[in-house]
Amino acid sequence: MNKKERLQIPPVDMPEQDPKQRVTNVDEVPLGYTPEMAILEAKRCVQCKRPFCVEGCPVGIDIPGFIQFIEDGDFEGAIHKIRETNLLPAICGRVCPQEEQCQLTCTIGKARKDPTEAVNIGRLERFIADYEREHGVVTMPPKPTPTGKKVAIVGAGPAGLTVAGDLVRHGHEITVYEAFHKAGGVLIYGIPEFRLPKAIVQKEVDYLEKLGVNFKYNFVVGKTAPVQSIIDDNDAVFIGTGAGLPRFMRIDGENLLGVYSANEYLTRANLMQAYSFPETDTPLISGKKVATIGGGNVAMDCARTALRMGAEKSLIIYRRAEEQMPARLEEIHHAKQEGVEFHTLRNPVRFLGDDKNWLTGVELLKMELGEPDASGRRSPVPVPDSEWVEEIDAVIVAIGNSPNPLVPKDHPELEVTRWGGIVVNEATGQTNIQGVFAGGDIVLGAATVILAMGHGRQAAKSINMYLSSGRWSDLEEALSTDRADVR
Amino acid sequence: MHEILAHSVLGPNVHLYRFHAPDVAKYRKPGQFVIVRINEEGERIPLTIADVDQAEGSITLIVQAVGKTTLAMAQMKVGDSIPDICGPLGEPTHIEKVGNVLCVGGGIGTAPLYPVTRALRDIGNHVVSILGARTRELLILEDQMREASDDLIITTDDGSYGMKGLVTDAIKKLVGEGGKFDLCVSMGPPIMMKFVSLLTKELGIPCLVSLNPIMVDGTGMCGGCRVTVGGETKFACVDGPEFDGHLVDFDEMMGRLTMYQQYEKNSLDHYMGETGCRLEDALKGDDK
């Protein structure tokens, strides 16, 4: 097949559950490619000499490489290729914003003059990871020689799991400390079942355990044991405790009954499986008319979860215009398909309650777009005297998270920024304390799963170099010399 | 897994458990709590720590059986295990020598109060304790509190034991008799802490209370436990559980405790339907 023929093939759609049906269950919405669909989609790739897609991937997956294996029908070959650089393909294939990364720079999208018509790299990655899981293909790397070095990883989220997987392959003894009773961090408490089935996350964690990673659950570093004791007992420490501090709006009525942070709402629904109440024990106020405040991916997750919890109406309230929403287009599209109402250019002024402190409504103010602000987006400006009250049963505040302060609070020697993020050398992930590294949302603030994994990958390289060379003050130099040697 | 090393019944629906939990026991300080989950379908509930035995690697929890989880716990025997105990969580009590301290406990609030009382006295304070209960058989840890305090006063609502009346009546009496206190520590039902806070504010005695709102993670991640203290929103799990009682908005906090009342009833009914008479028999057994 020549390039011209490949370019003619239209993008292969992925089948989905019908919107009317899917809001009545928590099963995954996109159903995945069949082998035939995957091979056809793989044929769209022209195997660029200089693959821009790889440059767009935070963990540098050999994308044309694994796509070639799919086209050849060698799905096991494809999974080996992906696993060289990505430990969590089933997760990344689902939650990465590919349209801003690998697919944004894809030659096919450019040639067809529509980036949404790029090769569906994410769907192909997902197909291969699902194939591996469903067919029980276990790709165990050779067992490394133990180095005798101990590494502690604080937080079993995307960053921590990546570091664990990368370092255990070098023969270090790895212990992951997790505050919750399950590993996965935001992958299990935050991202809903219908977008990322928890069984998939569990499989990836099981895989790490098979590689020899130790997990210690219900262990809150900074509480269960002081941070210093973890530093003392290990040769290196990675802190990946995430952006677990919910922001509230600081307006009247925010502590009324029926007002949730997105973190609490999603944790109850996902990790604690409130959708199966009373078979499971954790309740969640379902509400007839639920409003989610915010315009990001988390807000979309909340609004769609509310429908599955039985809400008759689920509203998104966002103070800017829809074009300015930070959520992925796909998430907005899915939410709309399911009937989520979008109320944009509306800003909550206060929450109203009854005599028993139950939420009854939200006072909203109309906004209009003014001049661009520091972020380059046109900033919303209130329309005077435009307030009115919208009756609402439950509110979910999804306006973002800040870095979790627990570890820095217990260990004030750790340098943090004004907004609470741990300060690191961007090239190495080193903190100001020797032997201690950090990455993911505790450094970035609330970002994405794949960026956290990219951080984890980088930190793992640095930790490995630090453990083998003992170099700290010139670790960055040591790493760049090492890279030059490889070339 | 955390094995139950001891389980005894202290009073009607009041159970004492000693759990194997060496990680929790190692660094725990008075005033801290744990979050417990008893099975795979279970909810996460915060429970205060009454005592620890570091040599044994165990912690003691005193729990009132009131909802599905605590009733199911009451069914467990020595040798049974639960999957999750997370902690110790929260800020420890600030233990300082201030002079004369009043420790006021009500109901199972006496359980977390006990280690705090002991620590306050060990550091050199003169400690007078007041324990209140509706009726005599609901009183717990009387002997332990007597030993941990310089003086102990008991009040019961019905006069079945000690002084008839409320803990606030006992505080008024002590102060009326010329008692001077530099600090009051109060742990018990929110309504009791509210009135102890109001009274001590009037009397000019600083008052520390320990709050036990609904929590999920216990690490400051969900904000479900938020309380208003001095007009500011605080997370009880990481900023507390102890706060200046004079500044706590108790009415808001008590309201938030009722948020899931209907769901809790449904959950319990569902559980009763599943386990049937076995549980009812057990509850009757407790009443004997």
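So that the names make sense, note that chain A is the first sequence line, chain B the second, and so on, each numbered from 1.
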Item to check | Top of A243(A), G258(A), P226(A), G222(A) for chain B proximity - count of heavy-atom pairs under 4.5 angstrom | outcome: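 The option with the most such pairs is P226(A).
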Checklist entry - Quick one: of I285(A), L245(A), V220(A), who has the most non-hydrogen atom pairs under 4.5 Å with chain B? => result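 Most heavy-atom pairs within the cutoff with chain B belong to I285(A).
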Checklist entry - What part of L271(A) is in contact with chain B, defined as an atom under 4.5 angstrom from a non-hydrogen atom: side chain, backbone, both or neither? => result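 For L271(A), neither part sits under 4.5 Å from chain B.
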Next on the checklist: Please find the pair of heavy atoms, one from P246(A) and one from G223(B), that lie closest to each other, and give the distance.
Outcome noted: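 Closest approach of P246(A) to G223(B), heavy atoms only: CG-N, 4.4 Å.
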Checklist entry - What option among P88(B), G224(B), G255(B) has the most heavy-atom pairs under 4.5 Å with chain A? => result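 The residue among P88(B), G224(B), G255(B) with the greatest pair count is P88(B).
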Checklist entry - Which value, rounded to the nearest 0.5 Å, describes the distance between L406(A) atom CG and C237(B) atom SG? => result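 So the gap between those two atoms works out to 8.5 Å.
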Heavy-atom distance under 4.5 Å to chain A: side chain of [X], backbone, both or neither?
| X | answer |
| --- | --- |
| I85(B) | backbone |
| P92(B) | neither |
| I214(B) | side chain |

Tell me which donor-acceptor pairs, judged by distance alone and kept under 3.5 Å, run between chain B and chain A, one pair per line.
from: D23(B); atom 1: OD2; to: K216(A); atom 2: NZ; distance (Å): 3.3
from: R37(B); atom 1: NH1; to: H181(A); atom 2: NE2; distance (Å): 3.4
from: E41(B); atom 1: O; to: D281(A); atom 2: N; distance (Å): 3.0
from: R44(B); atom 1: NH1; to: H181(A); atom 2: ND1; distance (Å): 2.9
from: K68(B); atom 1: NZ; to: D281(A); atom 2: OD1; distance (Å): 2.6
from: D84(B); atom 1: OD1; to: N218(A); atom 2: ND2; distance (Å): 2.9
from: G87(B); atom 1: O; to: T224(A); atom 2: OG1; distance (Å): 2.9
from: G90(B); atom 1: O; to: K223(A); atom 2: NZ; distance (Å): 3.1
from: E91(B); atom 1: OE2; to: K223(A); atom 2: NZ; distance (Å): 3.1
from: M221(B); atom 1: O; to: N263(A); atom 2: ND2; distance (Å): 2.7
from: C222(B); atom 1: O; to: S261(A); atom 2: OG; distance (Å): 2.6
from: R226(B); atom 1: NE; to: N255(A); atom 2: OD1; distance (Å): 2.8
from: R226(B); atom 1: NH2; to: E254(A); atom 2: O; distance (Å): 2.7
from: R226(B); atom 1: NH2; to: V259(A); atom 2: O; distance (Å): 2.9
from: T228(B); atom 1: OG1; to: N255(A); atom 2: ND2; distance (Å): 3.1
from: T233(B); atom 1: OG1; to: N255(A); atom 2: ND2; distance (Å): 3.3
from: E252(B); atom 1: OE2; to: N255(A); atom 2: ND2; distance (Å): 3.4
from: R256(B); atom 1: NH1; to: N255(A); atom 2: O; distance (Å): 2.8
from: Y260(B); atom 1: OH; to: Y260(A); atom 2: OH; distance (Å): 2.6
from: Y260(B); atom 1: OH; to: R268(A); atom 2: NE; distance (Å): 3.3
from: Y263(B); atom 1: OH; to: L284(A); atom 2: O; distance (Å): 3.3
from: Y263(B); atom 1: OH; to: S286(A); atom 2: N; distance (Å): 3.2

